[in-house]
Trainee: 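Below: one structure in structure tokens.
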Amino acid sequence: MKKYLLEIFDELSYKLTYLKETDLIFTVPAQSNHGDYSTNAAMMLARALKRKPIEIANEIVSHLQYDKSKIEKIEIAGPGFINFYFSKNFVTKIVAEIHSQGKNFGKSSKFAGKRANVEFVSANPTGPLTVGHGRNAVVGDTIANMLEWIGYNVDREYYFNNAGRQMRVLGDSVRLRYLEILGENIEFPQDYYQGEYIKDIARKIFEESGDKYKNEPEDGIFKQRAEKEIFDDIKKTMKNIGIEMNIFYNEHSLYEDGKINKLLELYKTKNLSYEKEGAVWLKLTELGNEQDKVIVKSSGEPTYRLPDIAYHITKFERGYDLIVDLFGSDHNATYPDVLAGIRVLGYDTEKIKVLIHQFVTIMSGGEVVKMSTRKANYVTLDELIDETGSDVVRYFFNMRSISSHLNFDLDVAKKQSDENPVFYLQYAHARICSIIRMAEEQNLKSSLENLKLLQKDEEQNLLKKLYEFPDEILYSTELFEPHRIANYLESLAALFHKFYTECRIIGSEKKLAEARLALIEAVKIVLRNGLSILGVSAPERM
RNA sequence: GCGCCCAUAGCUCAAUUGGAUAGAGCAACAGCCUUCUAAGCUGUAGGUUAGUGGUUCGAUUCCACUUGGGCGUACCA
């Protein structure tokens, strides 16, 4: 429907050239008595043309050439809205389109041939993924899916650091637990990793090698083993919610191939850095930021900024058209420095999209669960998946705007009941599958021959919603807002459930039953496609 | 102090780059299963969109200030 409107307006713009002055926007009005689609173009143009909106609207409508079998009625309403009413017959045509495109329905080629890199999770291997990481993981993977749907070739990338102080503390935590198992009297510092998993790793080393490593330093076997065990665990957790990274980028490699030193030299020769109090500072104030920051400590060790900048430069070197960084609000102060450091070297930072999601609050029994990795007071993502299932986890993290704090109510998530919104969608899909099975038993098959019989409100509303799907994906993706897809699917499922209660299939007149079967098959395709973007399964039975 | 994010129905949240009468789910109340899955549907009730100003044909949306919360504000990442 929208496609047709764009066509006829494009044609009209040769006659009324002022139409080219504004971006034409067609929206689905909240009120059904405002038509199927509506545009505010006349109002938008009013100021520029210094004419009355109603007058412009009248001019547009009177010059518009359109097929009366497609558009039934055009009205001008309110301060100057132009409302379009499509013919019922035309509306039904979407069913055939969905059938022919199948699992590709909703895809767009707008960004075909473009390459995107989505960096997410990026947790250092110091402990299992927590529920806190879960939001990042799920949203990142979903955004990657969405970008694929609009044509991008996407790399999913995990950036990590297995060097530095954090990892030394990790290795030493394991070492102390190991010595503890050997019966030595140890003092375990408060700021070391307190989790049980540290003891598990120490126990494994002991069981395999006895006291062989009694005198090993912390950054030898202990660190290596801890890193491997923890990383394996992280990968397993990601796999459990359907996430597969295709690039793991090690920060350490930036040192090994000299990128860090090269960058440091570059800043120096460009006179963008200076030494003070034994440290190297980047002149960020000259680049418009609030204060200069240290890039190399007086100890000679770089701060995270320098490798972060070097790392992002590799993303440009690797030729991406779009670079997406997703992280939690605790990192919100870091990215302006990194961006400034990259921009000054001539890279187009417009290609970088920084997404910041707010924190997750875990609720259990009406109480807030406080979390800290260091203190080992957390719910792991794996525990959550075990208790609720991957679908619930993915849906909960996807269903809210990332700029909102997310309340994750463990009690609701665990319930296999109508309080849990993911089942509402899956139930719609399962119901459709069930009807199709029943129909088959009665030798009833869907047909695209008599779609024009789909005239009832419940049918028409459902059909109109189906039209919106490709637009919704494109729009949601360009805004990087996965929750819109969840919202869309919920309203589609609601319209289906209404249709289900009002319109019977088995038992209806044959031609109508065939057309309705075709309709619900189309709904099934859209539900399945939408759920697959979210990474949620579409069960055949429930 | 400063920066980013947030404040919408009792609770959790939507609201198409400023649109027409602010919508869902849960909870509450009243109904609907001898017919394709009641994990569903229908109805009732629930709002000064935190507050005050401003911008304009029009503001939940944009701007300023105030209040209340989250996260930052390192020679940690």
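Remember, it's a predicted structure, so these values are computed and weren't measured experimentally. Residue numbers start from 1 in every chain, and the chains themselves are labelled A, B, ... in the order their sequence lines are given, proteins ahead of strands. Reckoned from all heavy atoms, side chains included, excluding hydrogens, waters and symmetry mates.
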Trainee: May I ask you to check whether A/Tyr311 and A/Tyr249 place their ring centres under 6.0 Å from each other?
Mentor: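 Yes, the ring centres sit under 6.0 Å apart.
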Trainee: Would you jot down, in residue-number order, the residues of residues 294-312 of chain A having a non-hydrogen atom under 4.0 Å from RNA chain B?
Mentor: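 Listed by number, they are A/Val294, A/Lys297, A/Ser298, A/Thr303, A/Tyr304.
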Trainee: Does the structure show a Watson-Crick or G-U wobble partner for B/C26, both distances under 3.5 Å? Name it, or say none.
Mentor: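 The answer is B/G10, by the H-bond criterion.
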Trainee: Nearest-Å distance, CZ (A/Phe327) to P (B/C5)?
Mentor: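 Spelled out: CZ on A/Phe327 to P on B/C5 is 14 Å.
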Trainee: Between B/A15 atom P and A/Ile485 atom CD1, what is the distance in whole Å?
Mentor: 13 Å
Trainee: Could you say whether A/Glu251 or A/Val28 is positioned toward the 5' end of RNA chain B, judged by the nucleotide with the nearest heavy atom to each?
Mentor: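 The 5'-side residue here is A/Val28.
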Trainee: Can you tell me, in whole Å, how much space there is between the P of B/U8 and that of B/A50?
Mentor: 6 Å
Trainee: Between the side chains of A/Lys498 and A/Glu502, is the shortest nitrogen-to-carboxylate-oxygen separation below 4.0 Å, so that they form an ion pair?
Mentor: no
Trainee: Expressed in whole Å, how much space separates the P atoms belonging to B/A77 and B/G18?
Mentor: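 Result for the P pair: 40 Å, nearest Å.
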Trainee: Starting at NE2 of A/His483, measure out to OH of A/Tyr395 and round the result to the nearest 0.5 Å.
Mentor: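 Output value for this atom pair is 11.0 Å.
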Trainee: To the nearest angstrom, how far is A/His429 atom NE2 from B/G40 atom P?
Mentor: 17 Å
Trainee: Does B/C41 have its OP1 or OP2 closer than 4.0 Å to a side-chain nitrogen or oxygen of A/Tyr424?
Mentor: yes
Trainee: I'd like to check A/Phe160 versus A/Ile234 (side-chain heavy atoms, cut-off strictly below 4.5 Å). Are they in contact?
Mentor: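 Answer no - side chains too far apart.
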Trainee: How about A/Phe231 and A/Tyr158: are their ring centroids closer than 6.0 Å?
Mentor: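 Centroid separation for A/Phe231 and A/Tyr158: below 6.0 Å.
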Trainee: Expressed in whole Å, how much space separates the P atoms belonging to B/A45 and B/A22?
Mentor: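 The same atom, P, in both gives a distance of 15 Å.
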Trainee: Find the distance A/Asn136:CG to B/A77:P and express it as a whole number of Å.
Mentor: 19 Å
Trainee: Heavy atoms from C-beta onward define the side chain here; which of B/C2, B/A39, B/A14 lies closest to that of A/Tyr427?
Mentor: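 Within the option list, the nearest is B/A39.
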Trainee: Could you go through the salt bridge (charged side-chain N to carboxylate O under 4.0 Å, His left out) check for A/Glu509 and A/Lys511 one step at a time?
Mentor: CA-CA 6 Å; A/Glu509 188 273 324; A/Lys511 282 180 179 164; 5.9 Å; no
Trainee: Say we look at B/C29 and B/U56: how far apart would their C1' atoms be, to the nearest angstrom?
Mentor: 43 Å
Trainee: Between the side-chain atoms of A/Asn40 and the base atoms of B/G19, is any donor-acceptor pair under 3.5 Å?
Mentor: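 Yes.
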Trainee: Do A/Glu502 side-chain and B/C41 base share a donor-acceptor contact under 3.5 Å?
Mentor: no
Trainee: Rounded to the Å, how far apart are A/Asn407 CG and B/G70 P?
Mentor: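 One finds 13 Å between P of B/G70 and CG of A/Asn407, rounded.
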Trainee: Using modelled atom types only, decide if a donor and an acceptor are shared between the side chain of A/Asp391 and the backbone of A/Ser537 within a distance under 3.5 Å.
Mentor: yes
Trainee: Could you tell me how far B/C11 sits from B/A27 if I compare only their C1' atoms? Round to whole Å.
Mentor: 7 Å
Trainee: Got a salt bridge between A/Lys465 and A/Glu468, using NZ or NE/NH1/NH2 to carboxylate O under 4.0 Å?
Mentor: yes
Trainee: Would you indicate which nucleotide in B/C75, B/G40, B/U37 comes nearest to any side-chain atom of A/His497?
Mentor: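 Of all the options, the side chain of A/His497 is nearest to B/G40.
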Trainee: Record whether the side chain of A/Asn33 comes under 3.5 Å of the base of B/A20 through a donor-acceptor pair of N or O atoms.
Mentor: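 Absent.
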Trainee: Quantified in whole Å, what is the P atom distance between nucleotide B/A20 and nucleotide B/U49?
Mentor: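 Between the two P atoms, the distance is 15 Å.
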Trainee: Considering only NZ, NE, NH1 and NH2 on the basic side and carboxylate oxygens on the acidic side, decide whether A/Arg484 and A/Glu481 come within less than 4.0 Å.
Mentor: yes
Trainee: Using a heavy-atom cut-off of under 4.0 Å over every strand shown, decide if A/Cys433 touches base, sugar-phosphate, or nothing.
Mentor: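 No contact.
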Trainee: In whole Å, what separates the P atom of B/G23 from that of B/U60?
Mentor: 13 Å
Trainee: Classify the nucleic acid contact of A/Glu472 as base, sugar-phosphate or nothing, counting any heavy atom under 4.0 Å across all strands shown.
Mentor: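 Nothing, no nucleic acid heavy atom in range.
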Trainee: Is A/Asp337 paired with A/Lys293 through a side-chain N to carboxylate O contact shorter than 4.0 Å?
Mentor: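 The answer is yes: the pair qualifies as a salt bridge.
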Trainee: Tell me what A/Arg484 touches on the nucleic acid: a base, only sugar-phosphate, or nothing, going by heavy atoms under 4.0 Å.
Mentor: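 A/Arg484: backbone/sugar contact only, no base atoms under 4.0 Å.
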Trainee: Quick check for you: among B/U12, B/A77, B/C36, whose closest atom lies nearest to any side-chain atom of A/Ile435?
Mentor: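 The answer is B/C36.
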Trainee: Using the P atom as the point on both nucleotides, what is the distance between B/C41 and B/C26, in whole Å?
Mentor: 8 Å
Trainee: Let me know the distance between CG of A/Leu479 and P of B/U16, rounded to the nearest Å.
Mentor: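 These atoms are roughly 10 Å apart.
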Trainee: Given the structure, check if the side chain of A/Ser38 and the base of B/A20 hold any donor-acceptor pair shorter than 3.5 Å.
Mentor: yes
Trainee: Please list residues of residues 463-470 of chain A whose heavy atoms come under 4.0 Å from any atom in RNA chain B, ordered by number; otherwise none.
Mentor: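 Under 4.0 Å from RNA chain B: no residue of residues 463-470 of chain A.
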Trainee: Is a salt bridge present between A/Asp325 and A/Lys315, judged by a nitrogen-to-oxygen distance below 4.0 Å?
Mentor: yes
Trainee: Between A/Ser404 and B/A14, does any side-chain N or O lie under 4.0 Å from OP1 or OP2?
Mentor: yes
Trainee: Please tell me whether A/Phe26 and A/Phe9 form a close aromatic pair, meaning their ring centres lie under 6.0 Å apart.
Mentor: yes
Trainee: Find the distance A/Ile402:CD1 to B/C4:P and express it as a whole number of Å.
Mentor: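 A/Ile402 atom CD1 is separated from B/C4 atom P by 17 Å.
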Trainee: Does B/U37 have OP1 or OP2 sitting under 4.0 Å from an N or O in the side chain of A/Ser434?
Mentor: yes
Trainee: Send over the distance from A/Asn332 CG to B/C2 P, rounded to a whole Å.
Mentor: 16 Å
Trainee: Both distances under 3.5 Å, Watson-Crick or G-U wobble: report the partner of B/C62, or none.
Mentor: B/G54
